[in-house]
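One structure is given here, and the rest of the page talks about it.
Note that this is a predicted model, so its numbers are computed, not measured. Position 1 is the first residue of the sequence; numbering continues from there.
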Amino acid sequence: MVLYVYKQGIYIMNVIKKITKKEILFKDNFLSYTKSMIHLPIFALSTDINNSDIYTLHIDKMDGFKNINFEFPKLSINNDFMTFSYILKLFYENCENERDNPFLIDFNLNDFFDFFGKARNNRSAATKAITLCVKRLSRLNMSFVRNDKTYICNFISSAVIENNNERNFKISLGEGFLNFFKHDTDLIFNINLDNYKALEKDFSKILYLYYITNLH
């Protein structure tokens, strides 16, 4: 266990700020991602997304990383990416607001839908889909070797979802996902989510994210 001198929320935000000179954005229309979040084969076109298969990927070497191993379900650039993004946004807020444990994420689906501008008459049908997104994200696992150390990273460690009309989500993030930041030095990009949401085709959304994260 690491003994933190500050509250953990302050500590984590300070860690992220030391990694990059870029401002971490989570308000208004922008959100900060590392290049690896976008370029690694995590999110794909939204086809047959409910199948339960787990995919594996091995990469020997890439940009200073070695022995990269991925285990993941098929994740969509649409609902899964939006759920991932919203959780990431709340993590940044927790750090900025100096929460003792910023890895504990608590939100109501109405706030989620408001953020993404989901019409109220479509929210009931989308509720189950977001629950499935959280389940899929909990199965995302990555390990790699860097500087003679092996890192094992999970994005979501556990989640509790209240099955009532409010649909409250309580999610525990795996601290290992911070390795996306620690090893993407100054490759943090601020994405305009309004531009992302304005694109109708999933392939266009992927191209937009790739375009932005190649401007460096």
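- The shortest non-hydrogen separation linking Pro73 to Arg136 is CG-O, 3.4 Å.
- Using modelled atom types, no side-chain atom of Asp60 and backbone atom of His58 make a donor-acceptor pair closer than 3.5 Å.
- Note that CG of Asp148 is 7.0 Å distant from NZ of Lys66, once rounded to the nearest 0.5 Å.
- Distance check, rounded to the nearest 0.5 Å: CD1 of Ile152 to CE of Met142 gives 11.0 Å.
- When side chains are defined from C-beta on, Thr83 counts as touching Val134, because their heavy atoms get closer than 4.5 Å.
- Aromatic ring orientation, Phe107 versus Tyr86: perpendicular (interplanar angle above 60°, classes split at 30° and 60°).
- Transitive grouping of hydrophobic side chains (ILVMFWY, heavy atoms separated by less than 4.5 Å) brings Tyr211 and Leu193 into a common cluster.
- Residues Asn78 and Lys205 are in side-chain contact: their nearest non-hydrogen atoms beyond the backbone lie under 4.5 Å apart.
- Val145 and Phe70 sit in two unconnected hydrophobic clusters of ILVMFWY residues. Membership requires side-chain heavy atoms under 4.5 Å apart, directly or through other members.
- Between Tyr208 and Ile212 there is a side-chain heavy-atom pair separated by less than 4.5 Å.
- Asp114 and Arg123 make their closest contact through OD1-NH2, 2.6 Å (heavy atoms, listed as atom of the first residue, atom of the second, distance).
- Counting heavy atoms from C-beta outward, Met82 and Ser85 have side chains that stay 4.5 Å or more apart.
- Considering Asn108, Asp106, Asn110 as possible partners of Asn168, the one that fulfils the side chain to side chain donor-acceptor pair (under 3.5 Å) test is Asn108.
- Contact between Ile59 and Leu57 at its shortest, heavy atoms only, is CD1-CD2, 4.1 Å.
- Counting heavy atoms from C-beta on, the side chains of Asn154 and Asn141 come closer than 4.5 Å.
- Within the 4.5 Å cutoff, side-chain heavy atoms of Asn214 are placed close to those of His39.
- When the side chain to side chain contact (heavy atoms under 4.5 Å, CB included) test is applied to Ser158, the partners found at least two apart in sequence or on another chain are Ser172.
- With values rounded to the nearest 0.5 angstrom, Leu178 atom CG is found 9.0 Å from Leu173 atom CG.
- No more than 12 heavy-atom neighbours from other residues, nucleotides or ligands sit within 6.0 angstrom of NZ on Lys135.
- The number of heavy atoms from other shown groups lying within 6.0 Å of CG (Leu104) is above 12.
- Phe177 pairs with exactly one of Phe91, Tyr151, Tyr33, Phe84 by the ring-ring contact (aromatic ring centres under 6.0 Å, His included) rule, that one being Phe91.
- A 4.5 Å side-chain heavy-atom check between Ile38 and Tyr210 finds at least one atom pair inside the cut-off.
- Nearest approach of Phe144 to Cys153, heavy atoms of both residues: CE2-SG, 3.9 Å.
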Candidate pair Phe72 and Ile42, rule side-chain contact (heavy atoms from CB on, under 4.5 Å), full reasoning
CA-CA 7 Å; Phe72 55 96; Ile42 300 173; 6.0 Å; no

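- Phe30 and Phe81 end up in different hydrophobic clusters when Ile, Leu, Val, Met, Phe, Trp and Tyr side chains are linked at under 4.5 Å.
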Evaluate the criterion side-chain contact (heavy atoms from CB on, under 4.5 Å) for residue pair Leu75 and Leu137; output intermediate values, then yes/no.
CA-CA 8 Å; Leu75 297 172; Leu137 288 169; 4.1 Å; yes

Show, in sequence, the C-alpha distance, side-chain angles and deciding distance for Ile77 and Lys201, and conclude whether the side-chain contact (heavy atoms from CB on, under 4.5 Å) test is met.
CA-CA 10 Å; Ile77 195 63; Lys201 302 294 184 180; over 6 Å; no

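- Around CZ of Phe203, the count of heavy atoms belonging to other residues, nucleotides or ligands within 6.0 Å does not exceed 12.
- Distance check: Leu132 CG to Thr127 OG1 gives 11.0 Å after rounding to the nearest 0.5 Å.
- Across every non-hydrogen atom of Phe115 and Lys197, the tightest pair is O-NZ, 3.3 Å.
- Formation of a donor-acceptor pair under 3.5 Å by the Thr56 side chain with backbone atoms of Glu71 is not found in this model.
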What do the steps show when you test Ile24 against Glu96 for side-chain contact (heavy atoms from CB on, under 4.5 Å), and what is the final call?
CA-CA 10 Å; Ile24 300 295; Glu96 189 74 13; over 6 Å; no

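- Note: Tyr92 and Phe26 have tilted aromatic rings, judged against thresholds of 30 and 60 degrees for the angle between ring planes.
- Residues Leu90 and Ile171 have side chains not in contact (no heavy-atom distance under 4.5 Å, counting atoms from C-beta outward).
- Rounded to the nearest 0.5 Å, atoms CD1 (Ile105) and CG (Leu88) are 9.0 Å apart.
- Residue pairs satisfying the salt bridge (Lys or Arg N to Asp or Glu O under 4.0 Å) criterion with at least one member in residues 81-91, sequence neighbours excluded, are listed as follows: Lys89-Glu93.
- Ala44 approaches Ile206 most closely through the heavy-atom pair C-CD1, 4.0 Å.
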